[in-house]
Structure formats: structure tokens, C-alpha cells
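Report on the following structure.
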Amino acid sequence: MTSQKIRANSVLPARREPVTLTTADGLDLVAELAVPADRDPVATLICLHPLPTHGGMMDSHVYRKAAFRLPALAGVAVLRFNTRGTWSEQGTSEGSFDNAVGEQYDVAAAIEYAEFHDLPNVWLVGWSFGTDLALMHGHDPLVQGAILLSPPLRFSDATHLEQWADSGKPVSAFVPELDDYLRPEEARERFRAVPQAEVVPFEGSKHLWVGDAERVLDEIVRRVAPGVAVPLPTEWDGPMETADTSAYNAHNLAAYKDVKVPGPAQRPAHGDAGDAGEDGQAPG
């Protein structure tokens with residue numbers, strides 16, 4: 001079979017199933033689990049999405065691409081879900097946004113699901129608002145560590161950083177050079193409270209990671225599955241489907257038509273074709 005380029009909406013083979021996470025306060029959350037089609041996973045990502053009041057959801061582009069690619073390319077399971085009151089193509093979770101308070105039950109429900117289903121080597125991957133959820137509510141014995149994409153440190157505080165410091169568990173903060181909220185120099189100072197934390201600057205990147213999903217996924221895999229060679233392949237010589245992202249695109253364009261994202265000349269050359277139309281969600 002001829003190799004095909006892996007594009008923004010390419011879906012590689014995996015066992016994918018919609019699941020329901022039930023919280024301790026009685027809400028049903030929309031979720032999806034993607035695991036390797038032909039082997040046991042070597043690691044598990046629990047994805048905590050950006051701020052839902054600004055477009056964040058389980059289908060936000062980095063997480064969607066993680067679910068589309070990582071089971072096949074890296075043997076990594078991906079559990080993504082909509083926090084309370086959040087809409088995506090997959091559906092709307094019950095409840096309403098609660099400013100990172102009630103969301104503690106959402107994070108706990110995802111961790112409990114991973115534990116009950118014997119998913120191995122569980123890591124939290126938070127993005128923006130999701131990084132606050134990871135720091136505030138993700139300190140659980142099952143969790144091996146946390147990877148933080150564009151951490152604003154807006155809801156979390158020194159107490160939460162202290163908990164992670166005391167745990168000794170790895171914390172990796174991926175900080176865009178041109179982030180809207182927290183840039184590398186300040187991030188190094190803020191994360192000094194967690195001695196084992198690493199701050200990884202991403203030159204030229206912005207908060208939304210437009211055009212940078214591949215770099216992000218490579219660095220995630222490097223930490224959660226060190227036995228997997230990176231950079232990950234950019235072509236696939238097996239069966240591959242194409243996702244219909246029209247509903248996602250329409251939602252973003254309608255809700256965030258005034259949000260500015262980098263133009264073609266500003267994006268790294270290695271970015272996926274189609275990122276501009278898909279990833280125009282607001283920071284958060």
C-alpha cells in the first residue's frame with residue numbers, strides 16, 4: 001500500500017468507543033476512549049481541554065489529533081472528555097461551567113474510569129484551563145505525572161504547586177514563546193516552586209498551538225512513552241480514514257469569528273494543511 005501523508009483530519013486505525021463518565025455529584029459527561037487496535041497501550045493520556053466558555057472542548061485540535069494518531073503511531077491510549085456543560089461534536093456534557101470548582105468531580109471521574117478499566121501509565125495532559133484542572137484536581141495516586149500546554153496559572157495557586165512539588169511526580173510545562181498569558185521567562189519563575197518541573201519553551205509558538213500539533217505530540221510521547229522513537233512518522237502506509245470536521249469548523253467560525261489566529265506567513269512550515277480553518281478557538 002502506498003504511503004499517505006498524515007493530515008489534520010487523518011484518522012489512523014484504533015479501537016475507539018464513546019463512553020460516559022459519571023461524576024460523584026451525579027452528572028454524565030461525554031467522553032471517548034481510543035486505544036491501539038492491535039496491542040495493549042504503553043501509556044494513557046487523560047486530556048483536560050481549554051476553557052469551554054472560550055471554545056475549549058474535547059475536540060480541540062491537539063486532542064483530536066492525539067486521538068486520531070497516537071494509538072497507532074505510539075501505542076498510547078487517549079481518553080478525552082467534555083467537562084460539565086461543554087459542547088463538542090461528540091455531544092454535550094450535563095451540568096454547567098463552574099470556574100474550576102465543580103470540575104474537580106469531572107477530573108476525578110476520568111481518573112476513576114482509567115483505574116477501573118486498567119489503563120496503564122496514566123498521565124494528565126492539560127491545555128490552558130485544563131492545566132489548572134490538572135494542577136488543582138489531578139493529584140491522584142494513579143497519575144504518573146502532568147504535561148501542561150500553555151499553562152496560564154490562573155485558577156491554580158501556590159498550594160497546588162506545593163502539592164505537586166511534594167509528590168515528586170514529573171511536571172512538564174510546554175510554554176509558547178509568544179503565549180497570551182504566561183511566557184517562558186515568567187513560567188520558569190512561577191514553576192520554581194516545583195523543583196522537578198521542567199519548563200519547555202516552544203520557539204515561535206502561540207497559545208493556540210496552530211501549526212504546532214506535531215511538535216507537541218512528539219514531546220508528549222517523548223515523556224510518557226520514552227521507548228517510542230520521535231519525531232513520529234508523518235506518513236502512514238496502512239488503512240486511513242478522513243474525519244468530517246465540518247461541524248467543528250462551523251462551530252468555531254460562528255462562535256469565534258473575531259478571534260485572530262496566525263496567517264499562513266506566520267505559521268511554521270511543518271504545520272498540518274487545514275489547521276487555519278480548524279483551530280481558530282479563543283485562548284483559555
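Please read these numbers as outputs of a predicted model, since none were measured by experiment.
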Trace of the side-chain contact (heavy atoms from CB on, under 4.5 Å) decision for L33 with L119: CA-CA 10 Å; L33 176 65; L119 295 174; 4.0 Å; yes

CA sep, side-chain torsions, deciding dist, call: V175, V200, side-chain contact (heavy atoms from CB on, under 4.5 Å): CA-CA 6 Å; V175 183; V200 184; over 6 Å; no

Nearest-0.5 Å distance that lies between atom [atom1] in [X] and atom [atom2] in [Y]:
X	Y	atom1	atom2	answer
H137	Q163	NE2	CD	10.5 Å
L153	T131	CG	OG1	6.5 Å
T83	L21	OG1	CG	11.0 Å
S128	L149	OG	CG	9.5 Å
L217	K65	CG	NZ	8.5 Å
S150	F202	OG	CZ	9.0 Å

Is there a donor-acceptor pair closer than 3.5 Å between any side-chain N or O of [X] and the backbone N or O of [Y]?
X	Y	value
D59	E89	yes
Q196	W164	yes
E115	E112	no
D212	R215	no
D140	L142	yes
N99	V101	no
E177	G204	yes
Q90	S88	no
Y63	V125	yes
S93	N82	yes

Distance-only donor-acceptor check, side chains T242 and N9, under 3.5 Å: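 Not at all, the side chains of T242 and N9 share no donor-acceptor pair under 3.5 Å.
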
D132-S156 side chain donor-acceptor pair, cut-off 3.5 Å: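 Short answer, yes.
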
side-chain contact (heavy atoms from CB on, under 4.5 Å) assessment of C47 paired with V78: CA-CA 7 Å; C47 300; V78 179; 3.8 Å; yes

Nearest atoms (heavy-atom pairs only) where [X] meets [Y]:
X	Y	answer
A193	A165	O-CB, 3.4 Å
G95	L27	CA-CD1, 3.8 Å
I6	P233	CD1-O, 3.6 Å
W123	A146	CE3-N, 3.8 Å
G56	T86	O-CG2, 3.5 Å
L232	A74	CD2-CB, 4.3 Å

Test side chain to side chain contact (heavy atoms under 4.5 Å, CB included) applied to I147 and V216, L124, I220, the passing residue: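 Option passing the side chain to side chain contact (heavy atoms under 4.5 Å, CB included) with I147: I220.
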
Stepwise salt bridge (charged side-chain N to carboxylate O under 4.0 Å, His left out) check, E189 with R192: CA-CA 5 Å; E189 184 61 32; R192 202 179 300 278; 3.1 Å; yes

What I want to find out is whether [X] reaches [Y] closely enough, with some N-O distance under 4.0 Å, to be called a salt bridge.
X	Y	value
R84	D25	yes
E198	R223	yes
R183	E186	no
E32	R80	yes

Going hydrophobic residue to hydrophobic residue with side-chain gaps under 4.5 angstrom, can you get from [X] over to [Y]?
X	Y	answer
L182	L48	yes
F68	L70	no
V30	V19	no
M58	V122	no
V199	V194	yes

[Y] and [X], any side-chain heavy atoms less than 4.5 Å apart:
X	Y	value
R16	V11	yes
D237	T2	no
L79	L45	no

Trace of the side-chain contact (heavy atoms from CB on, under 4.5 Å) decision for V143 with I111: CA-CA 8 Å; V143 173; I111 294 171; 3.9 Å; yes

Aromatic ring proximity H207/W127, centre distance under 6.0 Å: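 Distance test on ring centres: not under 6.0 Å, no.
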
W209 ring center within less than 6.0 Å of F174 ring center: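 No, ring centres 6.0 Å or more apart.
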
Pairs meeting criterion ring pair (Phe, Tyr, Trp, His ring centres under 6.0 Å) with involvement of residues 142-163, two or more places apart: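 Listed once each, the pairs are F129-F155.
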
Which residues share a side chain to side chain contact (heavy atoms under 4.5 Å, CB included) with P231, sequence neighbours left out: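 Partners of P231 by the side chain to side chain contact (heavy atoms under 4.5 Å, CB included) criterion, ordered by chain and then number, come out as D218.
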
Over 12 foreign heavy atoms within 6.0 Å of OH, Y113: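 It does: Y113 OH has more than 12 such atoms within range.
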
